[in-house]
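Inspection log for the structure reproduced underneath, given as structure tokens.
Every chain is numbered from 1, with letters handed out A, B, ... down the list of sequences. Atom set for the values below is all heavy atoms of this structure, side chains included, hydrogens, waters and symmetry mates excluded. Predicted, not measured: the structure shown is a model, and the values here were computed from it.
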2 protein chains.
Amino acid sequence: MVNTRDRSTEEKILAAARKIFLNKGMDGARMQDIADEAGINKALLHYYFRSKDKLFEQIFLEVASSMLPRIFSIFQSDDTLFTKIEKFCDTYITQEIKTPYVPIFILNEVNRQPQAFLKKVLGNTRPPVEKLLQQIEQETKAGLIKPIDPLQLLLNTLSLCIFPFLASPMIQLLTGMEAKNFRALMEERKKLVPQLIIESIKN
Amino acid sequence: MVNTRDRSTEEKILAAARKIFLNKGMDGARMQDIADEAGINKALLHYYFRSKDKLFEQIFLEVASSMLPRIFSIFQSDDTLFTKIEKFCDTYITQEIKTPYVPIFILNEVNRQPQAFLKKVLGNTRPPVEKLLQQIEQETKAGLIKPIDPLQLLLNTLSLCIFPFLASPMIQLLTGMEAKNFRALMEERKKLVPQLIIESIKN
DNA sequence: ATAAGATTTAACCAATTGGTTAACAAAGTT
DNA sequence: AACTTTGTTAACCAATTGGTTAAATCTTAT
């Protein structure tokens with residue numbers, strides 16, 4: 001039986017762990033850091049979650065599943081290509097303005113344990129890009145868009161949406177820009193990026 | 001006095017350290033890993049480089065200075081904007097095909113120690129983007145290119161060149177692509193990216 | 001009230017890890 | 001050859017760190 005106090009503590013731990021793991025990554029994070037951040041004793045971490053690995057696993061799954069399924073469902077939908085591009089850019093940028101550390105966190109985890117990552121986020125299902133790539137090919141053949149390697153088109157779209165968040169610390173460092181201005185810049189990109197992409201393939 | 005044996009050992013260490021640090025990052029790397037990779041005793045690492053921090057510092061400076069100055073000099077040159085874009089894409093992609101782990105390594109270091117990074121790569125010099133941004137503004141006012149926020153244009157260019165390398169492990173994982181095919185894809189982008197960017201701002 | 005169970009903590013433990021030491025080997029120097 | 005300097009190693013050390021334990025405190029059902 002879980003009472004309010006329990007849930008509150010568990011939530012404090014999860015919030016603290018999310019913050020520390022997102023900031024420092026699995027290798028850089030210390031269990032003591034997380035305990036301090038949550039304002040509790042370190043042993044409690046092991047009481048609620050057995051090990052650092054388990055705790056990280058849970059955070060990772062929460063973080064990954066807060067983003068990836070929504071993206072995948074856009075790719076898999078029956079919308080036209082242009083609509084998909086618009087929806088993706090808007091959904092993705094909206095989300096990342098709220099949680100800017102997520103992309104680099106996920107990339108680092110892919111780097112750290114490529115196979116484990118695959119299993120965790122996809123299980124046994126196929127990677128959800130195939131349908132999208134086929135759609136691009138079809139629309140190309142149908143003469144709806146200019147000929148382009150489908151994978152390059154996908155890469156372009158992902159690049160323009162994701163990279164700014166990956167590089168946001170460096171961008172803010174080099175330009176001396178405040179976080180607020182950076183967010184405004186990203187807001188602009190919700191329209192700018194689809195424009196650029198769609199303009200480049202429109203017939 | 002440094003004889004051939006010395007240099008050979010020092011080089012073995014540097015090569016090993018570069019490999020391990022690029023793969024695992026500062027936090028994930030172990031001195032023992034580096035010693036094993038170099039085929040030497042761990043104490044030798046401390047004999048040649050005093051500490052893990054010092055060794056990492058040296059690797060980081062080598063890695064950063066193998067790339068950044070060339071890029072900066074392109075930005076600072078007197079070429080036209082279009083030429084700069086073409087040169088940047090070609091230079092950058094050519095380099096990263098050879099050293100694909102560098103971008104994420106650098107981004108992670110920025111994240112880990114933003115201030116230290118600034119000092120290390122720039123010293124007291126100004127960030128080298130100002131001149132480029134001014135040039136974009138000028139060419140816009142002169143009617144040479146369509147109006148666009150200079151920073152957005154820069155972001156677009158960097159995104160399209162850098163992101164694929166940041167995400168290369170994930171891309172290869174999700175598409176089942178071999179490293180060789182990935183490189184071919186990147187070769188294509190040397191032309192594709194400048195085309196896309198320039199087409200979008202040409203009057 | 002009190003027994004039973006759940007939660008929290010201080011203290012501790014074992015493994016890992018960056019770093020040191022002292023002895024040994026190799027290479028110049030004289 | 002004898003000596004000095006440089007390079008290399010095995011063994012060790014101290015700090016950090018993930019994890020455990022046993023006792024204490026709090027909840028809750030009876």
Please give, in whole Å, the distance from dA22(D) C1' to Tyr47(A) OH? 14 Å
Parallel, tilted or perpendicular: which one describes the rings of Phe105(B) and Phe60(B), with boundaries at 30° and 60°? tilted
Are any of Thr9(B)'s side-chain N or O atoms less than 4.0 Å away from OP1 or OP2 of dT8(D)? yes
Mind calculating the distance between CG (Leu44(A)) and P (dG18(D)) to the nearest angstrom? 16 Å
What are the two closest heavy atoms between Ala29(B) and Lys24(B), and how far apart are they? N-CB, 3.8 Å
Between His46(B) (NE2) and dG19(C) (P), how many Å, whole number? 4 Å
Please figure out whether Gly39(A) or Ser51(B) has its closest DNA chain C nucleotide nearer the 5' end. Gly39(A)
Output the rounded distance in Å from NZ (Lys54(A)) to P (dG18(D)). 16 Å
Across the strands shown, which category fits Ala29(B) at heavy-atom distances under 4.0 angstrom: base, sugar-phosphate, nothing? sugar-phosphate
Is any side-chain N or O of Arg50(B) closer than 4.0 Å to OP1 or OP2 of dG19(C)? no
Whole-Å distance between dG18(D) P and Asp53(A) CG? 10 Å
Among the candidates dG19(D), dG18(C), dT8(D), find the nucleotide nearest to the side-chain atoms of Tyr48(B). dT8(D)
Give the rounded distance in Å between these two atoms: NZ of Lys52(B) and P of dT17(C). 9 Å
Taking NZ, NE, NH1 and NH2 as the nitrogens, is one of them in Glu57(A) or Lys54(A) under 4.0 Å from a carboxylate oxygen of the other? no
To the nearest 0.5 Å, how far apart are NZ in Lys191(B) and CD in Glu187(B)? 10.0 Å
Separation of dT9(D) atom P from Leu45(B) atom CG, nearest Å, is 10 Å
At under 4.0 Å between heavy atoms, which parts of nucleotides 10-15 of chain D does protein reach? Answer with one letter per nucleotide, 5' to 3': B base, S sugar-phosphate only, - none. B-----
Does Arg70(A) have more than 12 heavy atoms from other residues, nucleotides or ligands lying within 6.0 Å of its CZ? yes
Can you see which heavy atom on Pro194(A) is nearest to which on Arg189(A), and at what distance? CD-O, 3.7 Å
Flag the pair Lys131(B) and Asp78(B) as a salt bridge only when some basic side-chain nitrogen lies within less than 4.0 angstrom of an acidic carboxylate oxygen. yes
Rounded off to whole Å, could you give me the CE-to-C1' distance for the Met31(A) and dT16(C) pair? 16 Å
